[in-house]
Each structure stands twice: as structure tokens, then as C-alpha cells.
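Okay, structure first, notes after.
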Amino acid sequence: MARMRLPVLGASSLGADGHRNTVFPADVRGRFDRARVVVFALLVGLWIALPWIKIAGRPAVFLDIDAREFYLFGASFNAQDVWLLFFLATGVGFGLVFVTALAGRAWCGWACPQTVFLEGIYRRIERFVEGPREKRMRLRDAPWNLAKVARATVKHALYVVASLLIAHIILAYFVSLPRELEMIRHKPGAHPEAFTWVAAISALLYVNFAWFREQFCVVLCPYGRLQSVLLDDHSLVVGYDTKRGEPRGKATEEDKGACVDCKRCVVVCPTGIDIRNGLQLDCIACTACIDACDDVMDKLGRPRGLVRYDSPDGLAGKPKKIIRARVLFYTALLVIGAVVAGFAVRSRTSFEATLLRLPGEPYVIQGDTLRNAFDLHLVNKRGGRETFHISVDAGPDVTTIAPITTITLEAQTSAHAPLFLTMARNRFDRDFAVRIRVWRDGGETSIVTGKFLGAR
């Protein structure tokens with residue numbers, strides 16, 4: 001089992017006494033940095049584009065909570081489908097467990113929104129306004145003057161603008177772009193709920209990315225603390241080759257290891273750790289230390305890979321295993337979960353038919369006649385207009401009065417159809433089942449049942 005070490009004093013953004021060490025990550029260039037820039041751009045671009053992309057006339061992702069209508073990549077859902085969220089939530093959670101067992105914290109370093117926005121947007125704003133690491137550190141320690149105030153004002157103004165833009169894009173997932181653009185053209189008081197949400201989300205984003213930053217990963221996010229149970233000695237992690245690197249020394253000392261103790265891997269780390277101290281909960285596998293160390297090795301004419309992607313066993317010079325019992329077990333669980341989720345989705349119909357009794361007495365006796373009154377509630381869960389037909393099967397002794405046998409519903413709307421069933425009292429023996437057949441033009445059929453109640 002891969003063991004996680006606690007960060008040593010001075011080698012983390014969180015001090016041993018609980019105080020925060022401000023982190024000023026240095027700029028780094030390399031193959032992983034270039035790859036992450038591409039990944040970040042694709043993720044942010046996709047996230048921005050989803051409300052604009054239309055599938056079957058609807059945004060690719062549109063969660064209209066107010067109307068309880070949800071559209072996901074051409075499929076439409078309503079509040080009655082909320083049970084499917086169980087499969088989505090468990091699938092995402094277990095998928096993350098599976099990825100971690102194979103590739104460590106690849107999610108944290110490459111796809112987590114906290115990392116994507118912090119490293120892809122906010123830190124770039126900081127570097128653009130205040131310059132590289134050394135200049136930012138000098139600016140922090142310098143007395144307040146007009147130049148320092150101006151830089152701080154510009155930086156935080158850009159933070160606010162970025163937070164507002166992100167908040168408005170988030171809102172577009174819930175109110176649709178046309179409606180949001182219409183809201184923007186009016187005063188905040190015209191749409192107080194939307195304005196409040198945008199203001200609250202913007203404030204949270206600003207506090208998080210302008211101040212809290214890496215502390216979210218270190219203090220709040222439970223995922224880092226789960227590493228010790230999710231990883232094993234064959235999981236892929238970002239690690240330091242101790243056998244090759246130790247003992248540390250100058251490049252001119254032939255009896256020393258490959259590490260020249262330049263601390264370049266430390267100053268580029270966004271959480272301020274020293275990767276040479278082993279696997280730590282602060283490490284988000286951002287690969288900045290790999291690029292930094294490779295750059296130093298290139299300058300020294302030494303092979304790359306002193307810090308690299310590898311398993312703990314691989315770093316220790318032991319054989320690596322990709323296919324192992326844990327991975328096979330997780331794969332089996334993923335397959336079972338996918339099959340069950342697929343069956344659940346396929347069993348979902350495009351409409352809901354519910355048979356209720358009309359308010360009042362469960363049945364009415366009128367002379368020699370028994371009467372039961374029902375209400376058929378029909379919901380169209382599809383994204384377009386649909387026509388439905390209704391038929392009743394209650395037996396030869398029952399007379400059915402159905403004022404409405406054909407209903408046309410617009411997308412995500414509902415309607416009620418009353419049904420009146422009567423029979424002679426002397427023909428009634430005991431309660432019996434009533435079957436209502438509902439079918440959609442060219443589509444599914446649903447059978448709902450109720451009970452005809454009465455007394456002799």
C-alpha cells in the first residue's frame with residue numbers, strides 16, 4: 001500500500017502550527033505544461049459552449065429547475081426522473097475511484113474545476129498584472145505606494161470580472177441563454193432571484209480564487225485524504241526517484257545523486273510542497289515539478305525522469321503492475337453499474353401516466369348503479385409535441401364514460417383526463433381491477449391500473 005507522508009515544516013502551504021504559508025508558484029514551461037494548457041482550453045471551451053449548442057432544438061445541457069425540466073444532450077427529463085440521479089452520482093463517484101486506482105490524482109491536476117479555473121484563469125491574471133514569482137514576492141513585501149495600489153486594483157478588478165463572467169455562464173445552464181440575455185438588459189430588481197444567485201456565486205468565486213486558492217484542496221476537499229485508501233503501490237503518481245536522486249549534492253560532485261537540490265520543483269508547486277518528501281495529500285499531480293526537474297536535467301546534460309509519472313513500486317525499482325486484483329474488481333463493479341444504469345434508463349418511458357381518484361367519496365351509489373370516478377394524470381416528458389390515446393378495459397359489465405380519449409401535449413406539459421365507470425349493483429361481487437391503456441403515436445404504451453370499488 002502506498003503510504004502518504006505528512007508535509008514537513010516549510011514544505012507546504014499549510015504550516016505545522018496550522019497557519020498558512022503564502023505560495024508564489026514560479027512559471028514553468030515544458031511538455032506537461034503545454035498539454036495542460038490545451039486540456040484547460042478544451043474544458044473551458046466546452047463548458048462555455050454547452051448552453052449555446054442546440055440538440056433537438058434545446059441547449060445541450062439545460063437544467064430548468066423553475067419549470068422542473070431538464071435537457072441533457074438531446075434527452076429530456078422531468079422531476080419524476082430524479083431517481084436517475086442516483087446512477088449519475090454513483091457513476092461519477094465510482095469512476096473517480098477507478099481513475100485514482102489507475103492514474104492517481106490525474107483528475108485533480110488536469111480536470112478539476114478548482115484547478116482549471118485557478119491555474120487557467122486567475123493565476124494567469126496575477127502573472128499578467130504583477131509579473132513572475134520574484135517580482136510578486138517583492139511587491140508583497142514592498143510598502144504601499146501608488147504603483148502597488150494600482151496593480152492591486154487592476155488585479156482584483158480583473159478577478160471580479162472573471163468571477164462575474166463565470167457566474168453568468170453558470171446561470172445560463174439554469175435559465176437558458178435567451179432569457180439570461182433578456183435579464184441582463186433590465187435592472188437587477190426586475191429579476192431579484194437571478195441577480196442574487198449571480199452575486200452570491202461571484203462572491204464565492206472571488207473569495208475562493210483570489211484568496212482561499214490551494215487551501216480548498218488542502219483543507220476542504222476530502223478527496224486528497226482518501227488517497228491513502230484509493231492508491232496502492234502500483235497506482236500512477238507524480239513522484240521522486242529517491243534511489244537515483246540521493247544523496248543530494250552539487251553537479252560537480254561525482255559521488256552524489258542526480259538531484260542538485262536546486263529546489264526548482266518546490267518553487268513551481270502550486271501547493272508549496274517538496275515532492276522529494278514522498279507522496280503527500282497536498283499533491284494534486286499538476287506535473288509542474290516534472291517539467292521543472294526535466295528542464296534542470298536538460299541543462300545539466302542528464303537523463304530526464306528524476307521526477308516523473310510512475311508508481312511507488314516503479315520509483316523504488318520494482319516491477320509495475322497495471323492489471324491487478326483491485327483494478328479487476330473495480331472494473332467488474334463499473335460494468336455491473338453500467339449495465340444496471342443502462343437497464344434503468346431503457347425502462348424509463350417518455351411519458352408518465354398516473355391514475356388517481358377524483359376528490360370525494362371512493363364510489364357513489366345511485367339507486368341500482370355504482371359509479372367510480374377517476375382522474376388520469378398524463379405528463380409528456382419529451383422535448384416536443386406528442387399525441388396520446390386512452391382506452392379503458394374494465395370488463396363487459398362496466399360502462400365507461402371517457403370525455404377525453406385523445407390528448408395532444410406540448411413538450412414537458414401535463415393534462416388531466418376524467419374517467420367515469422358505472423355498473424349495476426346486482427352485478428358487483430367484489431372489488432376488481434381496472435386497466436387503463438395509454439399509448440403515444442408511434443411510441444410506447446403504458447398500462448396503469450386502479451380498483452373499482454363498491455358495495456351491494
Check your understanding: Just by modelled atom types, is the Ala101 backbone N or O under 3.5 Å from a matching donor or acceptor in the Ser235 side chain?
Key -> yes
Point to revise | Derivation of the side-chain hydrogen bond (donor to acceptor under 3.5 Å, both in side chains) call for His377 and Asp375 | key: CA-CA 6 Å; His377 182 216; Asp375 175 32; over 6 Å; no
Practice item. Can you label the angle between the Trp47 ring and the Tyr173 ring as parallel, tilted or perpendicular, going by 30° and 60°? Key: parallel
Review point. Is a side-chain donor or acceptor of Arg425 paired with a backbone partner of Gln366 at a separation under 3.5 angstrom?
Key: no
Check your understanding: Would Lys321 and Asp313 pass as an ion pair if we require N to O under 4.0 Å?
Key -> no
Review point. Which word best sums up how the rings of Phe428 and Phe432 line up, parallel for under 30°, tilted for 30 to 60°, or perpendicular for over 60°?
Key: tilted
Review point. Short question: side chain of Gln114, backbone of Cys108 - any donor-acceptor pair under 3.5 Å?
Key: no
Check your understanding: Are any of the side-chain nitrogens in Arg136 or Glu130 under 4.0 Å away from the carboxylate oxygens of its partner?
Key -> no
Practice item. Output every pair passing salt bridge (Lys or Arg N to Asp or Glu O under 4.0 Å) with a member in residues 439-454, not counting sequence neighbours, ordered by first then second residue. Key: Glu386-Arg440, Arg440-Glu444
Exercise for review: Could you tell me whether Asp294 and Arg31 make a salt bridge, using a distance below 4.0 angstrom between a side-chain N and a carboxylate O?
Suggested key: yes
Review point. Between the side chain of Thr271 and the main-chain N/O of Asp282, is any donor-acceptor distance below 3.5 Å?
Key: yes
Exercise for review: Mark yes or no for whether Gln280, through its side chain, and Gly278, through its backbone, hold a donor-acceptor pair below 3.5 Å.
Suggested key: yes
Practice item. Please test Thr387 against Thr408 for side-chain hydrogen bond (donor to acceptor under 3.5 Å, both in side chains), starting from the C-alpha separation and ending with a verdict. Key: CA-CA 4 Å; Thr387 298; Thr408 299; 3.2 Å; yes
Exercise for review: Apply the side chain to side chain contact (heavy atoms under 4.5 Å, CB included) test between Arg213 and each candidate in Leu118, Asn208, Val218; give the one that qualifies.
Suggested key: Leu118
Practice item. Quick one: do Arg385 and Asn380 satisfy side-chain hydrogen bond (donor to acceptor under 3.5 Å, both in side chains)? Show the steps, please. Key: CA-CA 8 Å; Arg385 176 185 294 183; Asn380 176 21; over 6 Å; no
Exercise for review: Using atom types as modelled and distance alone, determine if a side-chain donor or acceptor of Ser311 lies under 3.5 Å from a backbone N or O of Gly314.
Suggested key: yes
Exercise for review: For a ring pair (Phe, Tyr, Trp, His ring centres under 6.0 Å) with Tyr122, tell me which candidate from Phe128, Tyr206, Tyr159 qualifies.
Suggested key: Tyr159
Exercise for review: Report yes or no: does Arg133 contribute a side-chain atom to a donor-acceptor pair with the main-chain N or O of Phe24 at less than 3.5 Å?
Suggested key: yes
Review point. Do any N or O atoms from the side chain of Gln227 and from the backbone of Gly224 form a donor-acceptor pair under 3.5 angstrom?
Key: yes
Point to revise | Glu126/Arg151 ion pair, N-O < 4.0 Å | key: no
Point to revise | Short side-chain to backbone donor-acceptor contact, Thr413 and Leu409, under 3.5 Å | key: no
Review point. What is the distance from atom CZ of Arg382 to atom OG of Ser76, rounded to the nearest 0.5 Å?
Key: 7.0 Å
Exercise for review: Determine, for Arg34 against Asp291, whether the closest basic-nitrogen to carboxylate-oxygen distance falls under 4.0 angstrom.
Suggested key: no
Check your understanding: Do you know which of Asp310, Asp233, Leu236 makes side chain to side chain contact (heavy atoms under 4.5 Å, CB included) with Lys320?
Key -> Asp310
Exercise for review: Kindly state each residue pair satisfying side-chain hydrogen bond (donor to acceptor under 3.5 Å, both in side chains) with at least one member in residues 187-198, sequence neighbours excluded.
Suggested key: none
Practice item. Please check if the side chain of Asp33 supplies one atom and the backbone of Val37 the other of a donor-acceptor pair under 3.5 Å. Key: no
Check your understanding: Thinking salt bridges, do Arg437 and Asp393 make one under a 4.0 Å N-O criterion?
Key -> no
Study note, to complete from the structure: For residues 51-76, the ring pair (Phe, Tyr, Trp, His ring centres under 6.0 Å) pairs (sequence neighbours left out) are none
Review point. Listed by chain and number, what are the salt bridge (charged side-chain N to carboxylate O under 4.0 Å, His left out) partners of Arg371, not counting sequence neighbours?
Key: none
Exercise for review: Kindly write out the residues that satisfy salt bridge (charged side-chain N to carboxylate O under 4.0 Å, His left out) with Arg58, not counting sequence neighbours, or none if the list is empty.
Suggested key: none
Check your understanding: When you check the gap from the basic side-chain N to the acidic O, do Asp27 and Arg127 get nearer than 4.0 Å?
Key -> yes
Review point. Can you list every pair that meets salt bridge (Lys or Arg N to Asp or Glu O under 4.0 Å) and has a residue in residues 64-88, with sequence neighbours left out?
Key: Asp81-Arg348, Asp81-Lys381
